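If you're wondering where the values come from, they're calculated on a predicted model, not measured in any experiment. Every chain is numbered from 1 and lettered A, B, ... according to where its sequence line falls, protein lines coming before strand lines.
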Amino acid sequence: MSIVIKELSFGYRNDRFTLKDISLNVTQDMFPLAIVGPNGSGKTTLLKNLVGIYTPQRGHVYIDSVDIHRVSARERASLVGVLFPDKAYPASVPVIDVIMAGMYRFVKPIGGYTLQDMDKAYTVMKQLDIIHLKDRLFSTLSSGERQLVLTAMVMLQSPKVILLDEPTSFLDPYHRFILVDIIRLLSEKHQVVLTSHDIEFVKAVAHFSVGIKDGKIIYTGRTDMFLQSAFEKVFGIPFTKYIGVFGL
Amino acid sequence: MKKYRQIILIGGGFVLLLFTMLLAVSYSSIKRGQAIYISPLLAIDVLIKWLSGSSLGVTDKIAIFRLQRVFAAAISGMLLAIGGTLYQTTLGNPLVDPYLLGVSAGASLGAVLSYRFHLPGPVWLYAFVFALIAFSLSYVLGRGNRLKIVLSGVVISSLVSAGITLVLIMWNDSLHNILAWLMGSFAMADGKKVLLQSIVLIFVFLIIMATHRVLDIMLIGDEVAHGVGVNVFRYRLLYLVLASLAAAFVAAFYGIVSFVGLMAPHLARLMVGDKHLSKILLAMEIGAILLVLGDFLSRGVMYPMEIPIGVFTSIVGGVFFLYLVVRGEWV
């Protein structure tokens, strides 16, 4: 299981790149991996390139040697899935329907879900302890509950790699706390990559980190080493000063 | 429990629609005794006679005229409701519909040009092409912002309406005719138009019913849909073309009918939620009821004079739009 990013450049406009010539080799032992950087550094942009929402102007992304920008949408969904907790519109649809969206890559657009599909959904809901939400409307959930529902969806989808974009934003301490367990749960069957600037959280869940600033990778390695050696370069404050105020 | 509620609402909507249609066929004026009354049984009888090609009396012919009008209004309402729902879902914007995006105006201009210059090929083809052009303009100019796209759509709509007026005035059309195009009117309904509209309605309806789950997923968000393996680009293109097709087949024949595509999906959503299978069915019924009732009133309130249908839909729809804006539905 590996992710290889090869000389990737991406810009919202053709004349200015947000991501500049990024190369990265993520091997099996580096998951869960955190992509860490300040606001506007290009973390989310990189994530969107990894899942194919954006197509890079130059370069490639390979997951297990498959170029994810050159396969069908369904095939791509078997390799990589994504959780954008704050990008989901709170539609008035039952939670179970949102979760079943994870089955999309297995079923034809025409045709329904089988009983086995439903069984899978129940297993996942049980693991996340959200069975009681199944008949509620997605629009009536709190942001923490919504994130759990989307997590169930992506677990049903069961891609090799699961990307999480800023998973702790908008979460109260309770949901932020159980998210650590959820990432461990996800890591049992999938490889997890998350973007964050929530440094305490990153330290708790990710062994390896990629430090990104102004669209360039400036650190790749263990998270504890990142804090000591690259924190200041990425965030612009000495790490000792930061923990002097917030602790860790 | 929830399922029953939806079935009752959709079934009830269907019954109400049939009732409204019968009412509109039976009476042409709300003042009693001013016009011919046609009983529902007679209407059905005449319909069978007409379809089997038997000769018709005067009353029969009046019945046929009314039937065509009523069906034209009902099918147009359904098409606009579908168009509005598809635009709202695929653009992730609850404030759009064929009228506000300038699509209806664009299609009307295409149709007016085709009529006036006797262009080769069917009228609806020009309407469809112009609908797509108008949509593309609004979309490109208003990209990235929910209110911007509505603003561009409204501006394009008013520019195109000016074009329609100009073309019609230069060719010495009557004021009544100009109003009919700008504000919509079902006075021009005939059997052929009803048939063409029905074919398009069935075509569009079958495609969206077969893929209604994709619409549900796309409503939650493009990123989510993309993530689970939906080819978002391809489906969005499909739905936007279908929405424009639906809107074009109303505007090509009956002019600019405003706001129905906005109101119908919202009212349906309030009743059955966002699941497209039930939302679209109910929205179609609501759209049809709104237009059949609107057309009935437009024939009836100032009988024997006719008021363009857009007068009614604009009054109701305009207030509804303001309500959505004030309530902050666009945030």
Q. Which one of B/V224, B/N231, B/L219 has the most heavy-atom pairs closer than 4.5 Å to chain A?
A. B/L219
Q | Separation of A/D97 CG from B/D274 CG (nearest 0.5 Å) | A | 11.0 Å
Q) Can you tell me if CG on A/L115 sees more than 12 non-hydrogen neighbours from other groups inside 6.0 Å? A) no
Q | Distance-minimising heavy-atom pair for A/M153 and B/V228 | A | CE-CG1, 3.7 Å
Q. Which bit of B/I217 comes within less than 4.5 Å of chain A, counting heavy atoms only: side chain, backbone, both or neither?
A. side chain
Q.
Taking atom CZ as the centre, does A/R58 end up with more than 12 heavy-atom neighbours from other residues, nucleotides or ligands that are less than 6.0 angstrom away?
A. no
Q: Please flag which part of A/M100 lies under 4.5 Å from any non-hydrogen atom of chain B: side chain, backbone, both or neither.
A: neither
Q) In this structure, are over 12 heavy atoms from other groups packed under 6.0 Å from A/K6 atom NZ? A) no
Q. Chain B heavy atoms under 4.5 Å from A/P94: which part of the residue, side chain, backbone, both or neither?
A. side chain
Q.
Shorter than 4.5 Å, heavy atoms on both sides: which option in A/A73, A/G81, A/G102 has the most such pairs with chain B?
A. A/A73
Q. Is it true that atom CZ of B/F320 has more than 12 heavy atoms of other residues, nucleotides or ligands lying nearer than 6.0 Å?
A. yes
Q) Between A/A77, A/S139, A/S92, which shows the greatest number of heavy-atom pairs under 4.5 Å with chain B? A) A/S92
Q | Greatest number of heavy atom pairs closer than 4.5 Å to chain B - which of A/L163, A/D165, A/V82, A/V93 | A | A/V93
Q. Side chain, backbone, both or neither: which part of B/V230 has a non-hydrogen atom closer than 4.5 Å to chain A?
A. both
(Q) Heavy-atom pairs under 4.5 Å with chain A - which of B/G221, B/G229, B/A225, B/G273 has more of them than the others? (A) B/G229
Q) Between atom CD of B/E223 and atom CG of A/L150, what is the distance when rounded to the nearest 0.5 Å? A) 11.5 Å
Q | Contacting moiety of A/R76, where chain B heavy atoms sit under 4.5 Å | A | side chain
Q: Supply the atom-to-atom distance B/T89 OG1 to A/Y89 OH, rounded to the nearest 0.5 angstrom.
A: 9.0 Å
Q. Looking at OH of A/Y113 and CZ of B/R213, how far apart are the two atoms once the value is rounded to the nearest 0.5 Å?
A. 4.5 Å
Q) Which region of A/V154, side chain (C-beta onward) or backbone (N, CA, C, O), has a non-hydrogen atom less than 4.5 Å from a non-hydrogen atom of chain B, or is it both or neither? A) neither
